[in-house]
Amino acid sequence: MKKALLISLFIFTIVIIFGILCFPEKKKDFPSNQIIVLSSFEDSLYSESIVYSFFKKRNRFLPIEEDFYDIKWVSPKLFNDYKDYPALIVIKNKNPKDETGDLLFDRVFKNKKKGSKVNIIENIYSDNQMIVGIESEDTLDLRAILNEYSESIYKVDDKIESLIFNKYTRIPENEMIVNQIFEKYGINVFIDHEYQVIKNKKDILWIGRGMPSLGDPYRWIIIREIDKYSDLKGRISVIQDTFKEVMSDSNSLVISGENERESYEYVYNNNYIIGGIYILSEIIKNDDGKSITPSAGGPYVSYILNREFGKDILLIGLVNSPDKDKMIYLKQLESVFKNIK
């Protein structure tokens, strides 16, 4: 009897192990560009507009304004449904007092430093996760805290960007183009299998993908070696010159200038991220000379890889997706550029 029981337990254990190995737990698939804000109803009445305004400072004009983040406001009672998400913000306003939000904040940040206004914990409920806790006296104090600690709070973007890149790189890469880029420029960059070579000049490689009829927007990536430039004006100038070189005689592509609100630049790991909008026009020649007719437009993002020796590498990504959200595709391109090796 005892022997039969031991055999049954052994078989049961083997079946469980086999099931785990053959049917691993499916990974949760989170929305790609979402920040979850957990706050009580009482706090949200006074804080929601302040938080939205804070994150809207990151918005871009593509060519119309698009939200840089998708902000979702959630009741603390639903914390267990969202606790694995990559980017969470928990808000506690001491005035007005409430139970649900304060209890959640105190539970999640039970080990916080006394008197601290912003607390950050990472990877507590899932990998690649950041939870930001903000404790304020009231809405005026909340606004001041957001501004004072903006650099730390905006780091949630690192988690979002990592999620976007990891999701995107699940699909197969185009090994032929990846190898071609490495041989030509000495860099490793992820290029998905849908991309095709459009033009391969002496110093410029231009690739693209897109089938709008199937919901796949046009995307281009242009790569070339460039000289070093000490200011934004020079960097935008070389981007514009690159477009002039790849365009045909019947097309013109103009990007936003360094002083226009659509343009932006920031430094990432000693490399430059530069973006803005472009307008693609068709040049029509007639008896009176020529006229330029805009035919397409949208956002671009570029990456200048600063190399210690030799020339720098410029990568430009363009998106064309009329009447549809373009931010996620722009962030996708930016994440690819930032993960160049």
**Student:** Within the distance-only criterion (no hydrogens, no angle test), does the side chain of Asp138 pair as donor or acceptor with the backbone N or O of Leu140 below 3.5 angstrom?
**Tutor:**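 Pair found, side chain donor or acceptor close to backbone of Leu140.
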**Student:** Distance check, rounded to the nearest 0.5 Å: Ile191 atom CD1 versus Ile181 atom CD1?
**Tutor:**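 If we round to the nearest 0.5 Å, Ile191:CD1 and Ile181:CD1 are 4.0 Å apart.
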**Student:** With ring centroids as reference points, do Phe79 and Tyr125 lie under 6.0 angstrom apart?
**Tutor:**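 Ring centres of Tyr125 and Phe79 closer than 6.0 Å.
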**Student:** Which atom pair, heavy atoms only, marks the closest approach of Asn33 to Met327?
**Tutor:**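 Smallest interatomic distance, heavy atoms only, reads ND2-CG, 4.2 Å.
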**Student:** So if I apply the side-chain contact (heavy atoms from CB on, under 4.5 Å) rule between Ile316 and each of Thr242, Ile255, Val246, which one comes out positive?
**Tutor:**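 Checked Thr242, Ile255, Val246 against Ile316; only one passes side-chain contact (heavy atoms from CB on, under 4.5 Å): Thr242.
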**Student:** Tell me whether Asn188 contacts the main-chain N or O of Phe182 through its side chain, where contact means a donor paired with an acceptor under 3.5 Å.
**Tutor:**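 Checked: no pair found.
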**Student:** Do Ile164 and Tyr303 share a hydrophobic cluster, counting only Ile, Leu, Val, Met, Phe, Trp and Tyr and linking them when any side-chain heavy atoms are less than 4.5 Å apart?
**Tutor:**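 They do share one cluster, since a chain of ILVMFWY contacts under 4.5 Å joins Ile164 to Tyr303.
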**Student:** Using salt bridge (Lys or Arg N to Asp or Glu O under 4.0 Å) as the criterion, point out the one residue from Lys167, Arg170, Arg209 that pairs with Asp192.
**Tutor:**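 Exactly one pass, corresponding to Arg209.
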**Student:** Less than 4.5 Å apart, side chain to side chain, heavy atoms only: is that true for Glu258 and Ser263?
**Tutor:**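 Of all side-chain heavy-atom pairs linking Ser263 with Glu258, none is under 4.5 Å.
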**Student:** So which of Lys72, Arg60, Lys56 actually passes salt bridge (Lys or Arg N to Asp or Glu O under 4.0 Å) with Asp67?
**Tutor:**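 Only match with Asp67 under salt bridge (Lys or Arg N to Asp or Glu O under 4.0 Å): Lys56.
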**Student:** If you define the side chain from C-beta out and look only at heavy atoms, does anything of Phe109 sit under 4.5 Å from Ile121?
**Tutor:**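 Of all side-chain heavy-atom pairs linking Ile121 with Phe109, at least one is under 4.5 Å.
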**Student:** Check each of Asn271, Ile273, Asn269, Leu333 against Lys338 using the side-chain contact (heavy atoms from CB on, under 4.5 Å) test, and report the only one that passes.
**Tutor:**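 Running side-chain contact (heavy atoms from CB on, under 4.5 Å) over Asn271, Ile273, Asn269, Leu333 with Lys338 returns exactly one hit, Ile273.
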**Student:** Does any part of the side chain of Asp216, heavy atoms only, come nearer than 4.5 Å to the side chain of Tyr329, both counted from C-beta?
**Tutor:**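 With C-beta onward as the side chain, the pair stays apart.
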**Student:** Contact between Lys92 and Asp106 at the side-chain level, heavy atoms closer than 4.5 Å - yes or no?
**Tutor:**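 Of all side-chain heavy-atom pairs linking Asp106 with Lys92, at least one is under 4.5 Å.
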**Student:** When you measure from the side chain of Glu66 to the backbone of Ile328, do you find a donor-acceptor pair of N or O atoms at a distance under 3.5 Å?
**Tutor:**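 No; zero donor-acceptor contacts below 3.5 Å.
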**Student:** Could you check if a side-chain atom of Ile222 sits within less than 4.5 angstrom of a side-chain atom of Phe243, using non-hydrogen atoms only?
**Tutor:**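 In contact.
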**Student:** Can a donor-acceptor pair be found, under 3.5 Å and without considering hydrogens, that links the side chain of Ser252 to the backbone of Ser281?
**Tutor:**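 It does not hold such a pair.
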**Student:** Would a distance-only check, ignoring hydrogens and angles, find a side-chain to backbone donor-acceptor pair under 3.5 Å from Asn200 to Trp206?
**Tutor:**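 Not a single qualifying donor-acceptor pair exists.
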**Student:** Aromatic contact between Tyr300 and Tyr278, with the criterion being ring centroids under 6.0 Å apart: yes or no?
**Tutor:**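 They do not qualify: ring centres at least 6.0 Å apart.
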**Student:** Enter the distance from Glu334:CD to Leu315:CG here, rounded to the nearest 0.5 Å.
**Tutor:**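 One gets 12.5 Å once the value is rounded to the nearest 0.5 Å.
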**Student:** Hey, would you say the Phe337 and Tyr268 ring centroids sit under 6.0 Å apart?
**Tutor:**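 No; Tyr268 has its ring centre 6.0 Å or more from that of Phe337.
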**Student:** Minimum heavy-atom separation for Val156 and Ala87, please, with both atom names.
**Tutor:**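 Minimum heavy-atom contact is CB-CB, 4.1 Å.
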**Student:** Do the charged groups of Glu122 and Lys159 touch, with an N to O distance under 4.0 Å?
**Tutor:**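 Yes, Glu122 and Lys159 are salt-bridged.
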**Student:** Is a donor on one side and an acceptor on the other found under 3.5 Å between the side chain of Glu262 and the backbone of Ile277?
**Tutor:**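 Looks like no, no N/O pair under 3.5 Å.
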**Student:** Is it the case that one hydrophobic cluster holds both Ile171 and Phe30, taking links as side-chain heavy atoms less than 4.5 Å apart, direct or via other members?
**Tutor:**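 No, because Ile171 and Phe30 fall into different hydrophobic clusters, even though each may have its own neighbours under 4.5 Å.
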**Student:** To the nearest 0.5 Å, what is the distance between NZ on Lys117 and CG on Leu146?
**Tutor:**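 If we round to the nearest 0.5 Å, Lys117:NZ and Leu146:CG are 11.5 Å apart.
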**Student:** Using atom types as modelled and distance alone, determine if a side-chain donor or acceptor of Gln240 lies under 3.5 Å from a backbone N or O of Leu253.
**Tutor:**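 It does hold such a pair.
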**Student:** Test salt bridge (Lys or Arg N to Asp or Glu O under 4.0 Å) on Glu135 and Lys112; report intermediate values, then the result.
**Tutor:** CA-CA 11 Å; Glu135 186 172 14; Lys112 74 179 183 70; 3.2 Å; yes
**Student:** Is there a side-chain contact (heavy atoms from CB on, under 4.5 Å) between Lys311 and Asp227 once you walk through the steps?
**Tutor:** CA-CA 5 Å; Lys311 292 190 172 185; Asp227 294 326; 3.3 Å; yes
**Student:** Give the intermediate values and the outcome of side-chain contact (heavy atoms from CB on, under 4.5 Å) for residues Ile131 and Lys83.
**Tutor:** CA-CA 9 Å; Ile131 305 179; Lys83 67 179 183 180; over 6 Å; no
**Student:** Sort out for me which residue in Phe54, Tyr52, Phe55 forms a ring-ring contact (aromatic ring centres under 6.0 Å, His included) with Tyr69.
**Tutor:**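 Of the listed options, the one satisfying the test is Phe55.
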**Student:** Kindly compute the distance separating CG (Asp141) from CG (Asn95), expressed to the nearest 0.5 Å.
**Tutor:**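 If we round to the nearest 0.5 Å, Asp141:CG and Asn95:CG are 11.0 Å apart.
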**Student:** How about Tyr154 and Arg58: does a side-chain donor come under 3.5 Å of a side-chain acceptor?
**Tutor:**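 The answer is no; no qualifying pair exists.
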**Student:** Between Lys326 and Lys324, is there a donor-acceptor pair closer than 3.5 Å when you use the side chain of the first and the backbone of the second?
**Tutor:**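 It does hold such a pair.
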**Student:** Mind checking whether Glu225 and Ile313 have side chains closer than 4.5 Å, heavy atoms only?
**Tutor:**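 Heavy-atom side-chain distance check passes, below 4.5 Å.
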**Student:** Could you check whether the rings of Tyr82 and Tyr85 sit parallel, tilted or perpendicular, using 30° and 60° as the cut-offs?
**Tutor:**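 Judged by the thresholds at 30° and 60°, the geometry between Tyr82 and Tyr85 is tilted.
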**Student:** State plainly whether one hydrophobic cluster holds both Leu314 and Tyr195, where clusters connect Ile, Leu, Val, Met, Phe, Trp and Tyr through side-chain heavy atoms under 4.5 angstrom apart.
**Tutor:**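 Different clusters: Leu314 never reaches Tyr195 through Ile, Leu, Val, Met, Phe, Trp or Tyr contacts under 4.5 Å.
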**Student:** Kindly indicate whether the side chain of Lys331, heavy atoms from C-beta on, has any atom under 4.5 Å from the side chain of Val301.
**Tutor:**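 With C-beta onward as the side chain, the pair stays apart.
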**Student:** Mark yes when over 12 heavy atoms from residues, nucleotides or ligands other than Lys233 sit less than 6.0 Å from its NZ; otherwise mark no.
**Tutor:**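 12 or below, so no.
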**Student:** Can you tell me how far the CG atom of Asn93 sits from the CZ atom of Phe105, to the nearest 0.5 Å?
**Tutor:**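 Output value for this atom pair is 10.0 Å.
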**Student:** What about Ile239 and Leu330, same hydrophobic cluster or not, with Ile/Leu/Val/Met/Phe/Trp/Tyr joined at side-chain heavy-atom distances under 4.5 Å?
**Tutor:**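 They do not share one cluster, since no chain of ILVMFWY contacts under 4.5 Å joins Ile239 to Leu330.
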**Student:** Please lay out, stage by stage, how Lys155 and Ile120 fare under the test side-chain contact (heavy atoms from CB on, under 4.5 Å).
**Tutor:** CA-CA 10 Å; Lys155 285 182 180 178; Ile120 295 173; 5.8 Å; no
**Student:** Between Tyr185 (side chain) and Leu205 (backbone), is there a donor-acceptor pair under 3.5 Å?
**Tutor:**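 Yes; at least one donor-acceptor contact below 3.5 Å.
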**Student:** If you draw a 6.0 Å radius around OH in Tyr46, do more than 12 non-hydrogen atoms from other residues or ligands fall strictly inside?
**Tutor:**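 Open: at most 12 neighbouring heavy atoms sit under 6.0 Å from OH of Tyr46.
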**Student:** Measuring only between side-chain heavy atoms, which start at C-beta, is Tyr218 closer than 4.5 Å to Pro212?
**Tutor:**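 With C-beta onward as the side chain, the pair touches.
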**Student:** So, taking the atom named CD in Glu173 and the one named OH in Tyr168, what distance separates them when rounded to the nearest 0.5 Å?
**Tutor:**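 Interatomic distance, Glu173 CD to Tyr168 OH, rounded to 0.5 Å: 10.5 Å.
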**Student:** Can you confirm whether Glu194 is buried at CD, in the sense that more than 12 heavy atoms of other residues, nucleotides or ligands lie under 6.0 Å from that atom?
**Tutor:**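 Counting other residues, nucleotides and ligands, CD of Glu194 exceeds 12 neighbours.
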**Student:** Look only at the side chain of Asp312 and the backbone of Arg307, and say whether a donor-acceptor pair between them is shorter than 3.5 Å.
**Tutor:**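 Such a contact is found between Asp312 side chain and Arg307 backbone.
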**Student:** Are Leu305 and Phe190 in one and the same hydrophobic cluster, where Ile, Leu, Val, Met, Phe, Trp and Tyr link if side-chain heavy atoms are under 4.5 Å apart?
**Tutor:**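 Same cluster: Leu305 reaches Phe190 through Ile, Leu, Val, Met, Phe, Trp or Tyr contacts under 4.5 Å.
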